[in-house]
Amino acid sequence: MDTIVKIFFVFLLAFGLLIVALWMSDVPQNATGITDADYKTLVHSGQTVATTSATKWLAYFFGMGIIGIFGFVIFIGGRKKEATIRKKMYRVLAIGMLFYFLVFNAMTNSWWNYVETNSMDYFMGIPKPTAWMFFGLMTIPLFMSFFYITKFKQWVYTDEDEARFKEILENRQQRNG
Amino acid sequence: MEAYRNPIILSFVALYMLLCIGVGIWALRRTKSTHDFFMAGRDLGVMVTAFAVFSSTLSGFGFVGGPGLVYTLGTSSVWMFVCIIMGYNISFFLLAKRMRLFAELGNSISLPDVVGLRYGTKSTSFLVSLAILLGVLGYLATQIKAMAVVLQDILVETDFLVNINLEMCVIISCSILVFYSVTGGIVASVYSDLIQGGVMIIAATLVFITVVYTFDNGFSEISQTIQEHDPEAIGPWGTLGMVGCLSWFFVFGLGGSGQPHVITKMMMYKKVSDARFILPVSIGGYIFSALLWLGIGLAMRALVLQGVQPELESADAAASQFLQHYAHPVLAGVVFAGLFAAIMSTADAFLNIGTAAVMHDIPKAIGKTIKNELFWARTTTALITILSALFALYTGDLIAILGAFGWGTFAAAIVPVVVIGFNWKRATPMAANIAVISSLLVNFIIKIGQKYNPEAFAIPYKIDVGALALTVSLILFIGISLASKPPKLDPDVEAVMDL
């Protein structure tokens with residue numbers, strides 16, 4: 001367990017440095033939008049981070065870093081003492097996180113294309129990169145939820161765990177009177 | 001039917017409030033001890049827990065602020081819920097089982113209680129209580145204000161209450177809230193969440209269908225209208241841009257498992273194995289309810305751009321304007337009831353954890369015990385509501401600061417200490433204390449700085465303050481724990497952490 005947390009710590013430090021780099025970067029003009037010329041309650045987009053290659057890649061790695069953090073955290077939660085269960089659980093979590101990485105990349109790529117070519121491809125009535133976000137990035141973690149639901153008694157809280165907990169509880173109650 | 005729009009809306013809201021009072025009276029009989037008042041006797045079923053989890057997460061923000069943000073920024077704020085399945089996965093993989101087992105092991109009635117049990121120190125429990133209390137005051141005040149503003153909007157449209165003021169609306173809405181929270185404690189809260197969650201799902205789904213049918217070509221027309229005006233607004237990052245959106249993705253995805261009013265529910269369900277059923281119901285409930293957030297926001301932006309709808313006075317009016325002009329009166333009535341449901345379900349959850357902090361956690365951390373806890377729990381619930389109502393009415397900017405302070409602070413303070421610390425034996429009390437203190441400092445200093453000196457405290461790309469605070473507190477928590485001697489844990493706690 002300590003090994004995962006130690007790697008996570010190094011990853012977090014790198015993520016912190018990435019935020020510092022973003023902070024120091026030349027922010028594209030009106031990168032967070034500007035009040036629309038015709039409608040005062042609407043914001044209009046400014047230049048995107050894809051305008052310069054430096055900010056484009058920093059923003060990309062920022063996203064990958066966040067997904068990496070989610071991955072580390074969920075691995076910490078997937079720890080089990082029994083090695084066989086742990087391996088199975090880690091395999092499922094690793095596949096789930098791999099899909100997450102891939103979908104994030106597909107979405108980002110699709111958006112870069114959208115920015116460069118201004119292409120108007122739609123999927124179910126919304127632009128393709130936005131569709132990747134809704135139908136891909138949002139739903140892919142259901143893969144991990146599925147295993148949590150179906151393998152709960154085998155992986156998360158087994159009958160042995162339940163019996164062991166009862167034993168711990170009884171011993172504690174006896175000790176404390 | 002159209003002529004009766006406002007009476008219909010008012011009837012639905014009144015009916016809903018009566019239902020809350022009924023739940024309060026029913027729950028009174030089931031609340032016989034402090035344990036019942038704060039933990040519902042750890043006897044909740046799957047549906048009640050799942051609905052309580054998702055409806056507390058969504059809050060009134062999803063029905064008012066959320067559509068407003070989509071209207072103003074395009075798809076940017078969608079990142080707050082794109083992360084929801086991953087966020088619930090994190091909460092359930094790391095916390096659902098652990099919280100439930102710790103709660104039973106320590107016979108705990110609050111989050112600071114289980115924190116105290118895990119770390120074996122009162123200081124960590126005290127600091128977590130303090131963070132909860134500060135967040136609760138701000139959050140509760142904003143929820144009360146939102147409730148009163150919506151009620152006033154509805155009542156002024158009637159013939160007989162045209163001149164009703166905000167103070168009176170605060171009194172009416174708080175009276176209902178206090179009644180069912182004081183009488184039935186968390187039992188009333190979670191069972192009203194069940195009704196509230198149901199109303200929210202139905203209302204949001206119907207609104208989404210209405211949104212699609214408001215336009216001849218459905219969602220494609222909404223997309224094209226927005227895209228013709230500003231292609232980025234309907235792109236994946238909206239007008240805020242990639243980095244700002246991703247910072248929301250981070251703080252809402254990981255930070256969801258640090259929200260005390262949500263994760264406390266994970267201490268209350270009957271059987272540990274129920275967690276596997278609670279997860280999918282919570283996910284489903286949240287996604288359906290979030291359809292309203294997305295649908296109304298995008299529809300109003302498109303309607304304004306098409307010139308069908310005059311520009312809104314304020315972005316927060318997006319939902320109410322859509323319902324007034326484009327939804328069937330009965331549907332508008334259901335949605336307004338759903339809106340009250342969303343606000344009240346979050347408010348009562350905050351009220352419960354705030355009361356626990358004041359009359360149980362903080363006194364316990366400083367070595368005091370309170371006699372007749374149930375009586376004082378009820379009294380404290382009423383007092384916190386009154387204090388928050390005064391706060392909502394008379395503190396101006398402070399309430400906005402504290403309201404904004406909530407989510408990010410909870411995320412930064414609680415994620416390392418609870419989410420990581422409950423799964424990693426090496427985590428030390430010292431690291432936990434520093435993580436909580438750093439989260440309060442980073443959030444408070446930047447939020448107050450941004451209020452009074454926006455230029456000096458501007459964050460590039462509008463990265464969310466909570467994301468910065470969460471990164472700092474995670475680094476400090478893990479770094480300090482790794483640098484310290486491994487702590488000596490209570491053998492029972494250690495054994496439970498092995499399960």
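Labels below follow one simple rule: chain letters A, B, ... track the order of the sequence lines, proteins then strands, and each chain is numbered from 1.
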Participant: What residue in B:Gly238, B:Gly479, B:Ala96 has the most heavy-atom pairs under 4.5 Å with chain A?
Facilitator: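 Of the candidates given, the most pairs with chain A belong to B:Gly479.
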Participant: Relative to chain B, which segment of A:Lys151 carries a heavy atom at a distance below 4.5 Å: side chain, backbone, both, or neither?
Facilitator: neither
Participant: Mind ranking B:Ile463, B:Ile226, B:Val78, B:Asn217 by heavy-atom pairs under 4.5 Å with chain A and telling me who comes out on top?
Facilitator: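 Heavy-atom pairs under 4.5 Å are most numerous for B:Val78.
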Participant: Can you see whether A:Ser25 engages B:Tyr461 through a side-chain donor-acceptor pair at a distance of less than 3.5 angstrom?
Facilitator: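 There is such a pair between these side chains.
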Participant: Please flag which part of B:Ile222 lies under 4.5 Å from any non-hydrogen atom of chain A: side chain, backbone, both or neither.
Facilitator: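 Neither part.
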Participant: Taking all non-hydrogen atoms of both residues, which atom of B:Ser257 and which atom of B:Ser91 are closest, and how far apart?
Facilitator: CB-OG, 3.2 Å
Participant: B:Phe81 versus chain A, heavy atoms under 4.5 Å apart: side chain, backbone, both or neither?
Facilitator: both
Participant: Taking atom NZ as the centre, does A:Lys88 end up with more than 12 heavy-atom neighbours from other residues, nucleotides or ligands that are less than 6.0 angstrom away?
Facilitator: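 No, NZ of A:Lys88 has 12 or fewer neighbouring heavy atoms, counting only those of other groups under 6.0 Å.
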Participant: Does this structure show an ion pair linking B:Lys425 with A:Asp2, if we count only N-O contacts that are shorter than 4.0 Å?
Facilitator: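 Judged by the 4.0 Å cut-off on N to carboxylate O distance, B:Lys425 and A:Asp2 do not form a salt bridge.
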Participant: With chain A, which of B:Leu105, B:Asp230, B:Ile234 has the greatest number of heavy-atom pairs at distances under 4.5 Å?
Facilitator: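 Counting heavy-atom pairs under 4.5 Å, the top option is B:Asp230.
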Participant: With respect to chain B, which residue among A:Leu12, A:Asp161, A:Ile66, A:Thr41 yields the maximal number of heavy-atom pairs within a distance under 4.5 Å?
Facilitator: A:Thr41
Participant: Is A:Asp36 in contact with chain B via its backbone, its side chain, both, or neither, using a 4.5 Å heavy-atom distance?
Facilitator: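 For A:Asp36, the contact with chain B is made by the side chain alone.
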Participant: Is it the backbone or the side chain of B:Leu95 that comes under 4.5 Å from a heavy atom of chain A, or both, or neither?
Facilitator: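 B:Leu95 has no heavy atom closer than 4.5 Å to chain A.
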Participant: Out of A:Phe75, A:Trp155, A:Phe147, which one pairs with A:Tyr90 under the ring-ring contact (aromatic ring centres under 6.0 Å, His included) rule?
Facilitator: A:Phe75
Participant: What part of A:Met97 lies closer than 4.5 angstrom to a heavy atom of chain B: side chain, backbone, both or neither?
Facilitator: side chain
Participant: Pick one of side chain, backbone, both or neither for B:Ala427, based on which atoms fall under 4.5 Å of a heavy atom in chain A.
Facilitator: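 No part of it gets close to chain A.
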Participant: Just wondering, do B:Val418 and B:Met99 contact through their side chains at under 4.5 Å, heavy atoms?
Facilitator: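 Sidechains of B:Val418 and B:Met99: in contact.
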Participant: Please rank B:Ala467, B:Ser273, B:Ser314, B:Pro491 by heavy-atom pairs under 4.5 Å with chain A and give me the top one.
Facilitator: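 The residue among B:Ala467, B:Ser273, B:Ser314, B:Pro491 with the greatest pair count is B:Ser273.
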Participant: Do A:Phe72 and A:Phe15 have ring centroids that are under 6.0 Å from one another?
Facilitator: no
Participant: Could you tell me which portion of A:Ile34 (side chain, backbone, both or neither) has an atom closer than 4.5 angstrom to a non-hydrogen atom of chain B?
Facilitator: neither
Participant: Is it true that atom CG of A:Asp26 has more than 12 heavy atoms of other residues, nucleotides or ligands lying nearer than 6.0 Å?
Facilitator: no
Participant: Hey, are A:Tyr122 and B:Gln227 close enough side-chain-wise for a donor-acceptor pair under 3.5 Å?
Facilitator: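 Indeed, the side chains of B:Gln227 and A:Tyr122 share at least one donor-acceptor pair under 3.5 Å.
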Participant: Would you say the ring centers of A:Trp57 and A:Tyr60 fall short of 6.0 Å from each other?
Facilitator: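 Yes, ring centres under 6.0 Å apart.
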Participant: Counting C-beta onward and ignoring hydrogens, is there a side-chain heavy-atom pair between A:Trp132 and A:Phe104 closer than 4.5 Å?
Facilitator: no
Participant: Is any side-chain heavy atom of B:Thr75 less than 4.5 Å from a side-chain heavy atom of B:Trp237?
Facilitator: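 No - every pair of side-chain heavy atoms lies 4.5 Å or more apart.
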Participant: Measure B:Leu305 against the heavy atoms of chain A and call it side chain, backbone, both or neither at under 4.5 Å.
Facilitator: both
Participant: Which answer fits A:Thr158, side chain, backbone, both or neither, if we ask what part of it has an atom under 4.5 Å from a heavy atom of chain B?
Facilitator: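 For A:Thr158, no heavy atom lies under 4.5 Å from chain B.
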Participant: Are the side chains of B:Val493 and B:Phe102 in touch, meaning some heavy atoms are under 4.5 Å apart?
Facilitator: yes
Participant: If I measure from the heavy atoms of chain A, does B:Ile85 come under 4.5 Å with its side chain, its backbone, both, or neither?
Facilitator: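 For B:Ile85, heavy atoms of backbone and side chain both lie under 4.5 Å from chain A.
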Participant: Would you call A:Arg172 and B:Asp490 a salt bridge, taking side-chain N to carboxylate O under 4.0 Å as the test?
Facilitator: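 A salt bridge links A:Arg172 with B:Asp490.
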Participant: Heavy-atom pairs under 4.5 Å with chain B are the metric here; pick the option from A:Ile74, A:Thr55, A:Ile67 that has the most.
Facilitator: A:Ile74
Participant: Quick one: which of B:Leu312, B:Ile90, B:Val272 has the most heavy-atom pairs under 4.5 Å with chain A, could you say?
Facilitator: B:Val272
Participant: Looking at chain B, which one of A:Leu93, A:Leu137, A:Ile168 has the largest number of heavy-atom pairs inside 4.5 Å, strictly under?
Facilitator: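 Sorted descending by pairs with chain B, the first entry is A:Ile168.
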Participant: I'd like to know which of B:Ser481, B:Gly87, B:Ser247 tops the heavy-atom pair count under 4.5 Å against chain A.
Facilitator: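 Top option by heavy-atom pairs under 4.5 Å: B:Ser247.
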Participant: Got more than 12 heavy atoms from elsewhere within 6.0 Å of NZ, A:Lys153?
Facilitator: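 Enclosed.
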Participant: Can you tell which part of B:Leu482 gets under 4.5 Å to a heavy atom of chain A, answering side chain, backbone, both or neither?
Facilitator: side chain
Participant: Less than 4.5 Å to any heavy atom of chain B: does that hold for the side chain of A:Val73, its backbone, both, or neither?
Facilitator: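 Contact with chain B involves both backbone and side-chain atoms of A:Val73.
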Participant: Between A:Phe61 and chain B, which part of the residue has a heavy atom less than 4.5 Å away: side chain, backbone, both or neither?
Facilitator: neither
Participant: Pick from A:Lys128, A:Glu162, A:Glu82, A:Met133: which one has the most heavy-atom pairs with chain B under 4.5 Å?
Facilitator: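 Sorted descending by pairs with chain B, the first entry is A:Met133.
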Participant: Report the option among A:Leu22, A:Leu58, A:Ile19, A:Thr48 that has the most heavy-atom pairs separated by less than 4.5 Å from atoms of chain B.
Facilitator: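 Among A:Leu22, A:Leu58, A:Ile19, A:Thr48, the one with the most close pairs to chain B is A:Leu22.
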Participant: Could you go step by step and tell me if B:Arg100 and B:Asp274 meet the salt bridge (charged side-chain N to carboxylate O under 4.0 Å, His left out) rule?
Facilitator: CA-CA 11 Å; B:Arg100 178 62 184 76; B:Asp274 285 347; over 6 Å; no
Participant: With respect to chain B, which residue among A:Tyr148, A:Phe62, A:Phe9 yields the maximal number of heavy-atom pairs within a distance under 4.5 Å?
Facilitator: A:Tyr148
Participant: Could you tell me which portion of A:Phe165 (side chain, backbone, both or neither) has an atom closer than 4.5 angstrom to a non-hydrogen atom of chain B?
Facilitator: both
Participant: State yes or no: are the ring centers of B:Phe219 and B:Phe208 separated by less than 6.0 Å?
Facilitator: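 When the ring centroids of B:Phe219 and B:Phe208 are compared, they turn out to be within the sub-6.0 Å range.
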Participant: Heavy-atom distance under 4.5 Å to chain A: side chain of B:Phe249, backbone, both or neither?
Facilitator: both
Participant: If you count heavy atoms of other groups shown closer than 6.0 angstrom to CZ of A:Phe146, is the number above 12?
Facilitator: no
Participant: Go through the atoms of B:Glu104 and report whether side chain, backbone, both or neither lie under 4.5 Å from a heavy atom of chain A.
Facilitator: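 Contact with chain A: backbone and side chain both.
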Participant: With a 4.5 angstrom heavy-atom cut-off, is it the side chain or the backbone of B:Ile84 that approaches chain A, or both, or neither?
Facilitator: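 The answer is neither part of B:Ile84.
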Participant: Would you mind checking which part of B:Val472 comes under 4.5 Å of any heavy atom in chain A, side chain (CB onward), backbone (N, CA, C, O), both or neither?
Facilitator: neither
Participant: Side chain from CB out, backbone as N, CA, C, O: work out which of these in B:Val419 comes under 4.5 Å of a heavy atom of chain A, or both, or neither.
Facilitator: side chain
